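Data first, discussion second: the structure below is written as structure tokens.
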2 protein chains.
Amino acid sequence: MEKTDAIASLSALAHDARIDVFRLLVNAGPEGVTAGQLAERLSIRPNTLSNNLNILSGAGLVRSLREGRSVRYFANIDAMRGLLAFLMEDCCGGRPELCQPFLDRITCAPTAPTDMEPDQ
Amino acid sequence: MEKTDAIASLSALAHDARIDVFRLLVNAGPEGVTAGQLAERLSIRPNTLSNNLNILSGAGLVRSLREGRSVRYFANIDAMRGLLAFLMEDCCGGRPELCQPFLDRITCAPTAPTDMEPDQ
DNA sequence: CCATTAATTCGAATATACATGAATTATGGA
DNA sequence: TCCATAATTCATGTATATTCGAATTAATGG
């Protein structure tokens, strides 16, 4: 993955509505969700949603298939994996054993408690 | 992790200079890098870098310690893990076996080839 | 062919993020 | 105390992103 692709993905997700769309699609899994269903469930105007789906799609984070009058959207999990791989590339100066334990704890299951806040 | 924290982290990383800073710190590992070294290695003006470090720090992605006249910065790997956990929460509608194989392939080692481009 | 539904595109007004130069704070040494 | 170095803060002009209403394209059924 190129840096420019990574920034496109991160920018796409760094948005109040788009992160909801992506997470909803992640939750929906391989069955996907139509644009109309997304607009209704998330209370987003169709044209605004369309713009945001375009941005997610351009970043490769979602895919879509036309289905009659509707368009069905799907999360692209592999794109997420590529993004994280880029961010963590050559982690810990060639001593991956230092951070691999963190990565191994990533799971789809309900989140374990995390320590996000800086202490200064 | 709250949605607002996730957006702060994604916004922080979605920037040409800040993603370089974060990746350099990830690569540096527990030894960290001083602000001055970051500015020199990445050719960023000190005041611009300081602003960007503030943004990364506010998002919890980096931490810092004063060291004499310098300030040493470190990547917060656990924050990255929390971010990904949030994005992947309740993946595949409660059937994590569908996406866990992707997550298990995340590694610090040199990146495996990925398929980022949408095919439409 | 016309009407309806689904989704997208377009143009414009507004808000936000960004880099920069100048000024400021903090630390250490002479 | 004075000076130099390291880093940060501040004010500002510019560029970019976001949303919205209106118009447009696509598919289906009568």
Side-chain angles (χ1 to χ4, degrees), chain A residues 3-22 24-25 28 31-75 118 120, chain B residues 3-22 24-25 28 31-75 118 120:
Chain A
K3 185 169 87 165
T4 168
D5 298 324
I7 290 174
S9 294
L10 292 163
S11 295
L13 291 171
H15 182 278
D16 192 67
R18 291 195 295 265
I19 199 171
D20 285 342
V21 169
F22 182 76
L24 199 161
L25 291 176
E31 290 169 26
V33 183
T34 67
Q37 291 170 331
L38 284 168
E40 189 185 359
R41 289 200 213 167
L42 298 175
S43 300
I44 308 175
R45 290 167 207 274
N47 56 351
T48 298
L49 174 64
S50 191
N51 179 43
N52 285 325
L53 284 169
N54 238 345
I55 291 169
L56 287 167
S57 182
L61 289 167
V62 306
R63 297 169 184 280
S64 62
L65 288 176
R66 182 164 274 278
E67 193 175 80
R69 271 183 282 206
S70 300
V71 177
R72 186 169 293 271
Y73 283 86
F74 310 86
Q120 74 172 107
Chain B
K3 185 169 87 164
T4 169
D5 297 325
I7 291 174
S9 294
L10 292 163
S11 295
L13 291 172
H15 181 278
D16 193 69
R18 291 194 296 263
I19 199 171
D20 286 342
V21 169
F22 183 76
L24 198 161
L25 291 177
E31 289 168 29
V33 183
T34 66
Q37 291 170 330
L38 285 168
E40 189 184 0
R41 287 200 214 169
L42 298 174
S43 300
I44 307 174
R45 290 167 206 272
N47 56 350
T48 298
L49 174 64
S50 191
N51 179 43
N52 286 325
L53 284 169
N54 236 347
I55 291 169
L56 287 166
S57 181
L61 290 166
V62 305
R63 298 171 183 278
S64 62
L65 288 176
R66 181 164 276 277
E67 194 175 78
R69 272 183 283 206
S70 301
V71 176
R72 186 169 293 271
Y73 283 86
F74 310 87
Q120 74 171 109

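None of these values were measured; they are calculated from a predicted model. Residue numbering restarts at 1 for every chain, and letters A, B, ... go by the order of the sequence lines.
The stretch residues 10-17 of chain A touches DNA chain D through A/His15, each having a heavy atom under 4.0 angstrom from the strand.
The two residues A/Val21 and A/Leu53 have their closest heavy-atom pair at CG1-CD2, 3.8 Å. Of all heavy-atom pairs spanning B/Phe22 and B/Leu61, the tightest one is CE1-O, 3.6 Å. Minimum interatomic distance between A/Asn52 and A/Ala17 (heavy atoms only, all atoms of both residues): ND2-CB, 4.1 Å.
Counting to the nearest Å, the C1' atom of C/dA17 and the CD1 atom of B/Ile19 are 17 Å from each other. If you take CG of B/Asn52 and P of C/dA17, they are 13 Å apart, rounded to a whole angstrom. In this structure, A/Arg45 places its CZ atom 13 Å from C1' of D/dA22, rounding to the nearest Å. Regarding B/Leu42, its CG atom lies at a distance of 13 Å from the P atom of D/dA7, rounded to whole Å. A straight line from CD of B/Glu67 to P of C/dA26 spans 19 Å, rounded to a whole angstrom. When rounded to the nearest whole Å, the span between CD of B/Glu40 and P of D/dT5 equals 14 Å.
Of the possible donor and acceptor atoms, one in the side chain of A/Arg18 sits under 3.5 Å from a partner among the backbone N and O of A/Ala12. Remark: the backbone N or O of B/Pro46 is not paired with any side-chain donor or acceptor of B/Ser50 at under 3.5 angstrom.
Comparing the end axes of the helix from C/dC1-D/dG30 to C/dA30-D/dT1, each fitted to five base pairs by superposing C1' atoms of four pairs onto the next four, gives an inter-axis angle of 20° (nearest 10 degrees).
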Side chains of residues 31-42 of chain B: which donor-acceptor partners sit under 3.5 Å, not counting sequence neighbours?
| residue | atom | partner | partner atom | Å |
| --- | --- | --- | --- | --- |
| B/Thr34 | OG1 | B/Gln37 | N | 3.2 |
| B/Thr34 | OG1 | B/Gln37 | OE1 | 3.2 |
| B/Gln37 | OE1 | B/Thr34 | N | 3.0 |

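Judged as a side-chain hydrogen bond (donor to acceptor under 3.5 Å, both in side chains), and not counting sequence neighbours, A/Asn51 has no contacts. Applying the side-chain contact (heavy atoms from CB on, under 4.5 Å) criterion to A/Ala8, with sequence neighbours excluded, gives A/Ala59. Applying the side-chain contact (heavy atoms from CB on, under 4.5 Å) test to B/Ala14 and every residue at least two apart in sequence or in another chain returns A/Leu10, A/Ser11. Not counting sequence neighbours, A/Asn47 has no partner by the side-chain hydrogen bond (donor to acceptor under 3.5 Å, both in side chains) test.
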Sugar-phosphate means primed atoms, P, OP1 and OP2; the rest is base. With that split, encode nucleotides 3-15 of chain C 5' to 3' as B, S or - using protein heavy atoms under 4.0 Å.
-BBSSBB------

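Within the structure, salt bridge (charged side-chain N to carboxylate O under 4.0 Å, His left out) pairs that include any residue of residues 6-17 of chain B comprise A/Lys3-B/Asp16 (at least two apart or interchain).
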